[in-house]
Amino acid sequence: MDFIIEAALKAIKHLYQTELTAADISLQETRKEFEGQVTIVTFPFTRFSKKSPEQTGNDIGIYLQNELKEVSGFNVIKGFLNISLTDAYWLNKLDTEILPNDFALFKPNGKKVMVEYSSPNTNKPLHLGHVRNNLLGFSVAEILAAAGYEVIKTNLVNDRGIHICKSMLAWQKFGNDETPETSGLKGDHLVGKYYVLFDREYKKQIDELKQIGQTEDEAKKNAPLIKEAQEMLQQWEAGNKDVISLWQTMNSWVYAGFADTYKNLGVGFDKFYYESNTYILGKDIIDEGLEKGVFFKKPDNSVWIDLTDEGLDEKLVLRSDGTSVYMTQDLGTAQLKYNDFHMDSSIYVVGNEQDYHFKVLFLILQKLGKTWAKGLFHLSYGMVDLPSGKMKSREGTVVDADDLMAEMEQTAKLQTEAMGKVEDFGADEKQQLYHIIGMGALKYFLLKVDPKKRLLFDPNESVDFQGHTGPFIQYTHARIRSVLNKAGYSNTGKVGIETLSGIERDLIVSLSQFPDIIQVAAAGFSPAIIANYLFELAKAYNKFYHEKSILQAEDEVLKQFRLQLSDASGKVIKKGMGLLGIEVPERM
RNA sequence: GGUCCCAUAGCUCAGCUGGAUAGAGCAACAGAUUUCUAAUCUGUAGGUCAUAGGUUCGAAUCCUAUUGGGAUCACCA
């Protein structure tokens, strides 16, 4: 559309002797209820045109129509100049841009970006909150890759700490050597079971201590179980062989379980970082910060940074006993990741409860003079809540990721069977389809909304399969493939027709926006933009499908064109859904 | 208490850097299948964009205050 802006600039210069730049012209899609495809807002020009918005629009409209062969007409309503482009223009666009295989394919832009997501704890299985995180991270990575970035997907696994020791201790005490094999439980679920068990026993001890007169806080500190867990953590840090061995065993169970869940979710990583390796890092940065005077030491030897000038607080970066806190680790890990990859930017997909932490982290790195710190971005997303409130692993009130996926597949199965369209499928093929549809519904449900907003998930009202949903878009794809197959379609080059109906033009306009949409979504790290675009596109296609007969078109040339249009729509849907991590079936 | 995020139809959400009469889906109601997949399509109904000011030719969008919801401000991670 740049050529219209350029021509409009020339028009304004010619008509009103005023030099503007492209940024001064606001070009937008024409609203559906008006004639035309692009609209220029003329209010801002009245200052120097010294005419009414209508008159100004008219002047520019006439100029554009005379100068540009692509402009077939225009109309002015209030301050809006609606421009119609010729069918030849749109058909040419379809022919030369949209139909070729390199449509919406961006060349590498030479920029490297890291997306860190998932970042699980190894003491319990993944739940719905993690699902949102994983899908967001994966999708953002796909979108950035499509936009031309070199992407490194990383996962920083939180594999050490007191919470892990809780699971270990509970297993040691109450586990009777239970393993995933003997129990038949998935490894992460087995470990999670002991995490919950720990908490239950711990609470009992707290209650007992309160009975004999201790306060809540005292009881929490004095309960024998928590003391044992803390001791275990110290032994872990000291490298006690038995503790390390137990830790390795239980972590390996968890990793096997996670691998399954990740596979089901369809996400993956290029590089894993483990906190057990990185938690000691960051001490160098502390020294560096002290030298540069960014940090200061308190009399007890703890190290702090004063951020009160920035409207934040004083923040501890190293304990008085010289051990790391979360911030120390993250400083070190940030440096490590940069040393490993020298990326231009780095995106942390982490929940919004850590907004403050990341704000501080990035600020500290900037104050330390790390030039790469300006490329850091916290992609913060809202919590997923249940109707009953917050999910809490310890209390077992979570929607488990594995259970949820199984339920989605089950629902997909019931819905599909009720329709009876794929009875000729083999058992494996059916299972595969249920997976695709169930996951499509779930993924779309989670990705179509702005990440910033918290999400309410009601397990009783299972995710929809109709309307603004993943299966709606998947269905549109299946429908397209069905027509193409029936027609024995193969791409035959040139589009033969010369005039378009309204809905056909709308569809081409919609398709032509896809590359821009990818770039906008990449710039905003927003799968939701892709999701909402695909819904609009699928709606437009379905409308076209109802209004126009494809196989029964009036003549062969028209039929071929409609097949080409269908093919192009199907490809964009497939690629776009791919950016959301959603597969599309050939039939459903 | 300080800071940050959110508030749009009964419900779930779009609304890009300010632009036209604020749009979808679900739910409700009324229709469409001798024709390419009805997980579809068409229509009806549903709004003081939390409230009050301000900036502007123009505000759901920007600014300020207020209200409501959430998060955070640990020598936890």
Side-chain angles (χ1 to χ4, degrees), chain A residues 23 26 28-34 39 41-44 46-47 53 77-80 82 119 121 158 160-163 275 279 298 300 302-304 311-313 315-321 323-327 329-330 351-357 359-360 380 382-383 385 390 412 415-416 418-419 421 437 441 445 448-450 452-456 458 461 464-469 471-476 478-487 516-517 520 523-524 526 528-529 531-532 535-536 538-539 541-543 545-553 559 562-563 566 587-588:
Chain A
S26 109
Q28 50 191 264
E29 203 185 333
T30 304
R31 283 175 156 248
K32 286 220 158 48
E33 57 267 37
F34 302 105
T39 294
V41 183
T42 63
F43 290 106
T46 54
R47 198 167 308 144
I77 293 160
K78 297 192 201 165
F80 301 91
N82 302 320
S119 309
N121 291 339
N158 187 351
R160 64 166 284 282
I162 188 76
H163 47 291
E275 284 195 14
Y279 82 103
K298 287 197 177 175
D300 65 357
S302 58
V303 182
W304 297 73
L312 305 173
D313 306 296
K315 185 84 187 171
L316 176 86
V317 292
L318 193 71
R319 289 194 190 102
S320 50
D321 63 6
T323 58
S324 326
V325 289
Y326 183 35
M327 187 60 76
Q329 285 180 46
D330 261 9
N352 65 5
E353 74 249 352
Q354 296 196 32
D355 284 356
Y356 183 75
H357 172 76
K359 204 168 166 179
V360 171
S380 159
M383 297 290 101
D385 292 333
K390 242 192 131 162
Q415 300 252 352
T416 306
M419 298 195 197
K421 291 180 189 172
I437 297 173
F445 174 78
K448 76 173 176 187
V449 309
D450 181 352
K452 275 208 295 274
K453 297 196 173 165
R454 51 195 280 257
L455 210 61
L456 190 75
D458 188 344
E461 288 177 33
D464 268 330
F465 284 62
Q466 267 138 36
H468 189 184
T469 66
F472 170 87
I473 300 170
Q474 291 174 319
Y475 172 76
T476 309
R479 198 175 222 190
I480 290 170
R481 296 304 308 162
S482 170
V483 184
L484 294 177
N485 283 331
K486 223 158 240 181
D516 281 346
I517 293 287
V520 172
S526 173
I529 288 178
N532 287 303
F535 176 61
E536 293 302 323
K539 265 202 302 188
Y541 183 83
N542 281 319
K543 193 172 176 177
Y545 182 91
H546 267 265
E547 278 184 27
K548 304 292 172 189
S549 180
I550 298 166
L551 299 179
Q552 284 355 274
K559 175 177 162 186
R562 286 182 183 160
L563 286 169
S566 299
R587 283 179 57 193
M588 68 185 276

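Note that these values count all heavy atoms, side chains included, but never hydrogens, waters or copies made by symmetry. Residue numbering restarts at 1 for every chain, and letters A, B, ... go by the order of the sequence lines.
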Check every strand shown and say whether [X] touches a base, only sugar-phosphate, or nothing at a heavy-atom separation below 4.0 Å.
{"X": "K78(A)", "result": "sugar-phosphate"}
{"X": "E275(A)", "result": "sugar-phosphate"}
{"X": "L455(A)", "result": "sugar-phosphate"}
{"X": "P53(A)", "result": "nothing"}
{"X": "Y475(A)", "result": "base"}
{"X": "A528(A)", "result": "nothing"}
{"X": "H468(A)", "result": "sugar-phosphate"}
{"X": "R454(A)", "result": "sugar-phosphate"}
{"X": "R587(A)", "result": "base"}

Euclidean distance, atom [atom1] of residue [X] to atom [atom2] of [N] [Å, nearest integer]:
{"X": "K452(A)", "N": "rG15(B)", "atom1": "NZ", "atom2": "C1'", "value": "14 Å"}
{"X": "D330(A)", "N": "rC76(B)", "atom1": "CG", "atom2": "P", "value": "16 Å"}
{"X": "D450(A)", "N": "rC16(B)", "atom1": "CG", "atom2": "C1'", "value": "13 Å"}
{"X": "K32(A)", "N": "rA24(B)", "atom1": "NZ", "atom2": "C1'", "value": "11 Å"}
{"X": "F80(A)", "N": "rU21(B)", "atom1": "CZ", "atom2": "P", "value": "7 Å"}
{"X": "I517(A)", "N": "rA14(B)", "atom1": "CD1", "atom2": "P", "value": "15 Å"}
{"X": "D300(A)", "N": "rC75(B)", "atom1": "CG", "atom2": "P", "value": "11 Å"}
{"X": "M419(A)", "N": "rU40(B)", "atom1": "CE", "atom2": "P", "value": "8 Å"}

[X] versus [Y], closest heavy-atom pair with distance:
{"X": "A441(A)", "Y": "P471(A)", "result": "CA-CD, 3.6 Å"}
{"X": "N532(A)", "Y": "K448(A)", "result": "ND2-O, 3.5 Å"}
{"X": "Y541(A)", "Y": "S566(A)", "result": "OH-OG, 2.8 Å"}
{"X": "I473(A)", "Y": "A531(A)", "result": "CD1-O, 4.5 Å"}
{"X": "S380(A)", "Y": "D355(A)", "result": "OG-OD1, 2.9 Å"}

Given the [atom1] atoms of [N] and [M], what is the spacing between them in whole Å?
{"N": "rG23(B)", "M": "rA60(B)", "atom1": "C1'", "value": "12 Å"}
{"N": "rA30(B)", "M": "rC49(B)", "atom1": "P", "value": "31 Å"}
{"N": "rC41(B)", "M": "rA24(B)", "atom1": "P", "value": "13 Å"}
{"N": "rU17(B)", "M": "rA52(B)", "atom1": "C1'", "value": "27 Å"}
{"N": "rG58(B)", "M": "rA22(B)", "atom1": "C1'", "value": "15 Å"}
{"N": "rU48(B)", "M": "rU8(B)", "atom1": "P", "value": "13 Å"}
{"N": "rU33(B)", "M": "rU40(B)", "atom1": "C1'", "value": "10 Å"}
{"N": "rA14(B)", "M": "rA77(B)", "atom1": "C1'", "value": "36 Å"}

Where the side chain of [X] meets the backbone of [Y], is there a donor-acceptor pair that is under 3.5 Å apart?
{"X": "T42(A)", "Y": "P53(A)", "value": "yes"}
{"X": "T476(A)", "Y": "F472(A)", "value": "yes"}
{"X": "R562(A)", "Y": "S549(A)", "value": "yes"}

rG25(B) base stacked by F535(A) (centroids within less than 5.5 Å, tilt under 30°): no
Taking only N and O in the side chain of K453(A), is any of them less than 4.0 Å away from OP1 or OP2 of rA14(B)? yes
Any side-chain N or O of R31(A) under 4.0 Å from OP1/OP2 of rU21(B)? no
For residues [X] and [Y], determine if any side-chain heavy atom of one lies less than 4.5 Å from a side-chain heavy atom of the other.
{"X": "M383(A)", "Y": "N352(A)", "value": "yes"}
{"X": "F80(A)", "Y": "V41(A)", "value": "yes"}
{"X": "R479(A)", "Y": "N542(A)", "value": "yes"}
{"X": "H163(A)", "Y": "N158(A)", "value": "yes"}
{"X": "M327(A)", "Y": "H357(A)", "value": "yes"}

Side chain of [X] only, please: which of [options] is the nearest?
{"X": "V483(A)", "options": "rA77(B), rU42(B), rU37(B)", "answer": "rU37(B)"}
{"X": "K539(A)", "options": "rA20(B), rU42(B), rA24(B)", "answer": "rA24(B)"}
{"X": "Q28(A)", "options": "rA39(B), rA20(B), rC4(B)", "answer": "rA20(B)"}
{"X": "K359(A)", "options": "rC75(B), rG23(B), rC4(B)", "answer": "rC4(B)"}
{"X": "V449(A)", "options": "rG19(B), rC13(B), rC26(B)", "answer": "rC13(B)"}
{"X": "L551(A)", "options": "rU42(B), rA77(B), rC36(B)", "answer": "rC36(B)"}
{"X": "V325(A)", "options": "rA20(B), rG19(B), rC75(B)", "answer": "rC75(B)"}

Go nucleotide by nucleotide along RNA chain B from the 5' end; which of W304(A) and I437(A) gets its closest nucleotide reached first? I437(A)
When I529(A) and S320(A) are each assigned the nearest nucleotide of RNA chain B, the 5'-most assignment goes to I529(A)
At less than 3.5 Å, do the side-chain atoms of [X] and the base atoms of [N] form a donor-acceptor pair?
{"X": "N82(A)", "N": "rA20(B)", "result": "yes"}
{"X": "S482(A)", "N": "rC36(B)", "result": "no"}
{"X": "T416(A)", "N": "rA39(B)", "result": "yes"}
{"X": "T39(A)", "N": "rA20(B)", "result": "yes"}

In dot-bracket form, how is RNA chain B paired, counting a Watson-Crick or G-U wobble pair only if both its distances are under 3.5 Å and using | for bases paired to another strand? (((((((..((((.....[...)))).(((((.......))))).....(((((..]....))))))))))))....
A quick test of your reading: do over 12 heavy atoms of other residues, nucleotides or ligands sit less than 6.0 Å from CD of Q552(A)? no
Would you list the protein and nucleotides 71-74 of chain B atom pairs, both N or O, that sit under 3.5 Å from each other?
{"from": "rC73(B)", "atom 1": "O2'", "to": "D313(A)", "atom 2": "OD2", "distance (Å)": "2.6"}

